[in-house]
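This report concerns only the one structure given below.
We name chains A, B, ... by the order of the sequence lines, and we start the count at 1 in each one. Excluded from the calculations below are hydrogen atoms, water molecules and symmetry mates; all remaining heavy atoms, backbone and side chain alike, are included.
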There are 2 protein chains.
Amino acid sequence: MEEKLPAFESVFSIDCLIFGFEAGELKILLIERNDEPFKDWYALPGYIVKQDESLDDAADRILYELTGLRDLQMKQFHTFGEVNRHPQGRVITVGYYALIRITGQKELRPISQYARKAIWHSVNNLPKLAFDHTEIFNNGFSKIRRRLNHQPLAFDLLPEKFTLTQLQVLYEAILNKKLDKRNFRKKMLSYGFLKELVEKQKGVSYRAAKLYKFDKRKYAKIFQNELTA
Amino acid sequence: MEEKLPAFESVFSIDCLIFGFEAGELKILLIERNDEPFKDWYALPGYIVKQDESLDDAADRILYELTGLRDLQMKQFHTFGEVNRHPQGRVITVGYYALIRITGQKELRPISQYARKAIWHSVNNLPKLAFDHTEIFNNGFSKIRRRLNHQPLAFDLLPEKFTLTQLQVLYEAILNKKLDKRNFRKKMLSYGFLKELVEKQKGVSYRAAKLYKFDKRKYAKIFQNELTA
DNA sequence: CCAAAAGTGTTTTTTATACACCCATGA
DNA sequence: TCATGGGTGTATAAAAAACACTTTTGG
């Protein structure tokens with residue numbers, strides 16, 4: 001066992017699961033660590049909570065410092081508190097997740113020296129991760145998968161305007177199974193929170209698909225009971 | 001703001017939501033605090049996690065010390081980390097819940113001096129609770145309510161042998177709405193994890209109802225997919 | 001024989017599933 | 001004109017909801 005840093009005697013930390021969607025694949029945001037322990041390993045973006053900030057605030061700040069991403073509306077999913085999960089001392093970590101659009105232009109650059117870089121990695125074939133981050137990932141991913149059927153998580157992953165096929169491909173990526181096209185469209189449209197636009201897809205060499213927007217206000221109206229999630 | 005105790009500079013704690021069911025009412029286990037802050041107030045059973053114990057272990061120990069209850073299989077539901085939730089310093093607390101049988105004979109007696117006594121209190125008309133415990137209660141209760149339809153939580157609240165009416169009354173208490181008798185029975189029996197006993201209810205002045213047992217093994221078999229909860 | 005709760009089926013509505021072809025477009 | 005994905009409907013099965021009377025028992 002390595003020497004314990006005083007700062008590490010007993011601390012809270014946050015680890016973030018940030019999901020994105022690109023080229024039909026579900027991705028997760030990882031950082032390459034620049035510090036011991038686990039220097040050079042991939043890890044979830046995460047760091048220590050300060051004395052004077054709430055967990056939610058800490059999650060926002062930490063994600064920003066490690067990836068440059070802001071204003072994500074992350075949610076907590078589980079807290080990990082095994083005694084030896086961190087080799088330098090007692091660290092209890094709260095897992096947060098968010099699902100976001102990968103906007104090609106926005107480059108990810110860590111502010112903190114603690115991460116060398118931040119990269120998107122397919123959720124399939126994840127590399128070995130530092131600490132117990134693989135467990136944290138599995139725990140969070142399975143929760144999101146279960147929540148997908150009750151909450152409009154998927155819409156955060158798509159561009160503002162999207163086709164029904166894009167939406168279906170995304171669902172299939174998250175649930176890891178094929179869905180029936182007609183039934184999927186029927187069901188999605190029946191919810192009533194998809195707004196059909198006049199605009200159509202552009203630049204494709206086949207019949208252009210209709211574009212849709214997710215209407216948050218309608219969703220909130222329809223599901224106000226379940227909103228207490 | 002009161003003086004900060006050194007021990008409280010930055011600690012993890014556990015707070016427990018223990019649900020019981022008695023006389024057709026859903027109850028929650030509260031302690032009467034014997035220490036400042038919030039001396040004499042009602043609070044959820046909760047205390048500080050030790051350096052060398054996992055969160056799950058801490059939850060077991062703390063509940064035992066405050067109420068005398070053991071071996072409950074509590075599960076975590078949320079972590080509360082607002083900066084000023086504890087007047088003496090930074091305390092981040094992990095909420096755990098369990099649902100248990102109230103066995104009349106087993107008296108609740110706190111081991112620790114920190115709780116004067118432990119009592120069952122109806123979930124309706126809860127008194128004011130210490131710290132942010134009302135918020136913790138609301139958060140946990142609404143999660144349990146939602147989980148009720150997917151997990152066999154309710155059976156932990158009933159005696160080993162129970163009637164279908166008892167089960168229904170319990171569901172109604174948790175969900176806070178009336179259910180249709182025939183549909184309820186049909187659905188419960190269709191799951192296939194209720195074992196009908198030869199034995200019948202005794203000592204009632206009306207037609208005695210059949211008794212049932214919950215068959216955990218069958219449940220596990222049937223729902224092995226969803227078990228990764 | 002009465003009060004109290006146990007027990008029981010059918011119909012209707014809603015929701016999920018299975019399944020295959022024509023259409024529009026750009027290259 | 002062809003390749004590519006866009007778009008559409010119907011029939012069947014399964015699940016949920018609505019609904020009221022007879023039976024058993026102890027007092």
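- Rounded to a whole Å, the CZ atom of A/R182 is 8 Å from the P atom of C/dA20.
- Think of the region where chain B sits on DNA chain D: with heavy atoms and a 4.0 Å cut, that region ends 5' and 3' at D/dA17 to D/dG27.
- In this structure, B/R185 places its CZ atom 6 Å from C1' of C/dA6, rounding to the nearest Å.
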Working note: B/Q168 + B/L164, criterion side-chain contact (heavy atoms from CB on, under 4.5 Å); need CA distance, chi angles, decisive distance, verdict. CA-CA 6 Å; B/Q168 183 178 343; B/L164 289 178; over 6 Å; no
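- Using bins of under 30°, 30° to 60° and over 60° for the plane-to-plane angle, the ring pair A/W41/A/F38 lands in the perpendicular bin.
- Each of A/Y206 and A/D180 has a nearest nucleotide on DNA chain D; the 5'-most of these lies closest to A/Y206.
- Judged by atom type and distance alone, A/K202 does not reach the base of C/dT25 through any side-chain donor-acceptor pair under 3.5 Å.
- Among the protein residues, A/T163 comes within range of no part of the nucleic acid, since none of its heavy atoms lies under 4.0 Å from any strand.
- Among the protein residues, B/T165 comes within range of the sugar-phosphate backbone only, with heavy atoms under 4.0 Å from sugar or phosphate atoms but none that close to a base.
- Distance A/F184 CZ to C/dT15 P: 18 Å, rounded to the nearest Å.
- Side-chain N/O atoms of B/Y114 and B/R33 include a donor and acceptor closer than 3.5 Å.
- Residues B/N183 and A/A209 each lie close to DNA chain D; by heavy-atom proximity, the contact nearer the 5' end of the strand is made by A/A209.
- At a threshold of 4.0 angstrom between heavy atoms, the contacts of B/K210 are confined to the sugar-phosphate backbone, with no base atom among them.
- Two residues are said to be in side-chain contact when any heavy atoms from C-beta on lie closer than 4.5 Å; A/L44 and A/L30 meet this criterion.
- In this pair, A/Y171 and A/F184 present their aromatic rings perpendicular. The plane angle is above 60°, beyond the 30 to 60° band.
- Of the two residues near DNA chain C, B/K186 and B/Q166, the one whose nearest nucleotide lies more 5' is B/Q166.
- If you take NZ of A/K187 and P of C/dA18, they are 13 Å apart, rounded to a whole angstrom.
- In this structure, A/Q76 contributes its side chain and B/T79 its backbone to a donor-acceptor pair below 3.5 Å.
- Rounded to a whole Å, the NZ atom of A/K181 is 14 Å from the P atom of C/dC22.
- B/L167 places its CG atom 15 Å from the C1' atom of C/dA6, with the value rounded to the nearest Å.
- Ring centroid separation for the pair A/F214 and A/F193 comes in under the 6.0 Å cut-off.
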